[in-house]
Amino acid sequence: MRLERIDLYQLHRIDAKVPVEESLGALKTAQDAGKIRHVGLSEVTVAEIEQAKKVVPIVSIQNQYNITDRDSEGALNYCEKEKMGFIPWAPIGGGRNPSLRKTGNALEAEAKRHNVSVVQLALAWLLQKSPVMLPIPGTSSLAHLEENMAAEKLQLSADEWKKIEKLVRQS
Ligand SMILES: NC(=O)c1ccc[n+]([C@@H]2O[C@H](COP(=O)([O-])OP(=O)(O)OC[C@H]3O[C@@H](n4cnc5c(N)ncnc54)[C@H](OP(=O)(O)O)[C@@H]3O)[C@@H](O)[C@H]2O)c1
């Protein structure tokens with residue numbers, strides 16, 4: 001990687017077969033040696049975050065989360081409380097989880113009304129949801145990248161977001 005130090009090392013999964021003292025202990029050793037600056041975790045529960053924090057400081061969590069899949073809300077609330085970054089993967093439904101695309105029809109009219117795409121609506125929803133939210137939409141297309149970046153401009157009232165959340169729940 002031609003780097004002296006990795007600024008943020010996101011451990012992809014905690015291996016249930018390996019004690020966290022061992023797996024995260026290795027990251028702590030790398031951190032103490034100056035090879036890693038910060039450590040983050042992925043697909044974890046609040047209990048797992050708390051257990052990991054006993055071994056090494058944790059600055060960010062990367063769990064699956066989007067407007068149609070809010071199972072990780074507990075972890076998001078924990079990140080807010082503890083001032084940690086929350087990096088939702090599949091922020092727009094993802095390649096492997098097409099739930100947003102299935103809900104797309106319900107959101108289509110709302111997106112049109114606000115002159116944005118459904119994807120932009122989903123990204124704007126994430127950005128207004130929490131100050132610790134750091135969406136990482138994946139794309140191989142420059143046009144999509146520009147469209148996704150522009151989502152930050154969409155500002156709706158709390159009532160409008162509630163209406164959109166209701167549409168998603170009903171779809
Ligand atoms: N920690 C984990 O366990 C985990 C798991 C999976 C992914 N990730 C990471 O999460 C990040 C997000 O990737 P993701 O796969 O989860 O899914 P995602 O960002 O929710 O969706 C990516 C898909 O959406 C399409 N897309 C992007 N912008 C679009 C737009 N404006 N309009 C229509 N389609 C659009 C992309 O196709 P185009 O290329 O055509 O734009 C791609 O197929 C990546 O960095 C990935 O590495 C992490």
Side-chain angles (χ1 to χ4, degrees), residues 1 3 6-18 20 23-24 26-27 30 36-49 51-53 56 58-79 82 84-130 132-156 161 164-165 167-168 171:
M1 292 169 78
L3 286 175
I6 294 171
D7 281 334
L8 175 61
Y9 189 106
Q10 283 286 144
L11 182 65
H12 196 64
R13 292 288 182 275
I14 288 180
D15 186 342
K17 293 189 211 121
V18 179
V20 287
S23 55
L24 287 156
L27 295 183
I36 289 175
R37 186 171 178 204
H38 296 297
V39 178
L41 301 172
S42 180
E43 282 305 300
V44 280
T45 61
V46 169
E48 285 169 326
I49 303 168
Q51 196 187 7
K53 279 171 78 176
V56 64
I58 303 296
V59 301
S60 57
I61 298 303
Q62 187 176 130
N63 280 9
Q64 182 167 3
Y65 185 78
N66 61 57
I67 193 168
T68 66
D69 179 350
R70 296 171 61 173
D71 288 353
S72 280
E73 208 122 287
L76 170 60
N77 294 338
Y78 181 87
C79 286
E82 298 292 318
M84 294 160 62
F86 185 84
I87 308 169
W89 66 267
I92 51 175
R96 279 170 266 179
N97 172 15
S99 56
L100 181 67
R101 283 171 206 151
K102 279 190 205 140
T103 319
N105 290 342
L107 292 178
E108 202 76 58
E110 277 303 303
K112 229 178 218 162
R113 211 161 65 77
H114 296 293
N115 211 18
V116 293
S117 66
V118 171
V119 165
Q120 286 176 314
L121 198 65
L123 287 171
W125 177 81
L126 283 172
L127 290 171
Q128 60 78 44
K129 180 76 184 143
S130 168
V132 300
M133 190 73 75
L134 300 162
I136 49 163
T139 183
S140 56
S141 142
L142 189 54
H144 283 168
L145 177 66
E146 284 170 352
E147 179 185 330
N148 299 348
M149 293 295 289
E152 66 165 345
K153 293 188 196 128
L154 181 66
Q155 305 277 340
L156 303 183
W161 283 121
I164 289 165
E165 287 175 356
L167 280 173
V168 173
S171 64

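Throughout, numbering of the chain's residues begins at 1 and tracks the sequence. Start at 1 and go down the list; that is how both ligands and their atoms are numbered.
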Problem - For Ile136, the ligand 1 atoms whose distance to one of its heavy atoms is below 4.0 Å - result: 10 (O), 11 (C), 12 (C), 45 (O)
Exercise for the section: List the steps and the verdict of salt bridge (Lys or Arg N to Asp or Glu O under 4.0 Å) for Arg13 and Glu48. Expected result: CA-CA 11 Å; Arg13 292 288 182 275; Glu48 285 169 326; over 6 Å; no
Practice task
Kindly confirm or rule out an N or O of Glu43 lying under 3.5 angstrom from an N or O of ligand 1.
Solution key: no
Fill in the blank from the handout: Under 4.0 Å between heavy atoms, the region of Val119 that gets near ligand 1 turns out to be side chain
Exercise for the section: Can you establish whether the number of heavy atoms outside Asp7 located under 6.0 Å from its atom CG is more than 12? Expected result: yes
Handout entry: Main-chain N/O of Tyr65 paired to Asp69 side chain as donor or acceptor, under 3.5 Å
Key = no
Practice task
Examine the proximity of ligand 1 to Gln64 and report which part, side chain or backbone, both or neither, has a heavy atom under 4.0 Å away.
Solution key: neither
Problem - Ala90, any N or O under 3.5 Å of ligand 1 N or O - result: yes
Handout entry: Between Gln64 and Ser72, a side-chain donor and acceptor under 3.5 Å
Key = no
Fill in the blank from the handout: One should read off an interatomic distance between Ile14 CD1 and Ser42 OG, to the nearest 0.5 angstrom, of 9.5 Å
Completion exercise
Distance col, row His38:NE2 vs Ile6:CD1, nearest 0.5 angstrom, shows 13.0 Å
Problem - Arg13 heavy atom under 4.0 Å from ligand 1 - result: yes
Completion exercise
Taking only non-hydrogen atoms of Thr139 and a 4.0 Å limit, the atoms of ligand 1 in range are 27 (C), 38 (P), 39 (O), 41 (O)
Completion exercise
Of Leu11, Ile61, Ile92, Asn148, the one whose closest heavy atom lies nearest atom 26 (N) of ligand 1 is Ile92
Exercise for the section: Could you list which atoms of ligand 1 come closer than 4.0 Å to a heavy atom of Pro137? Expected result: 19 (O)
Practice task
Just go through Ser141, Gly138, Ser42 and tell me whose heavy atom is the nearest to atom 42 (C) of ligand 1.
Solution key: Gly138
Exercise for the section: Evaluate the side-chain proximity of Ile92 to Ile67: yes if any heavy-atom separation is below 4.5 Å, no if none is. Expected result: no
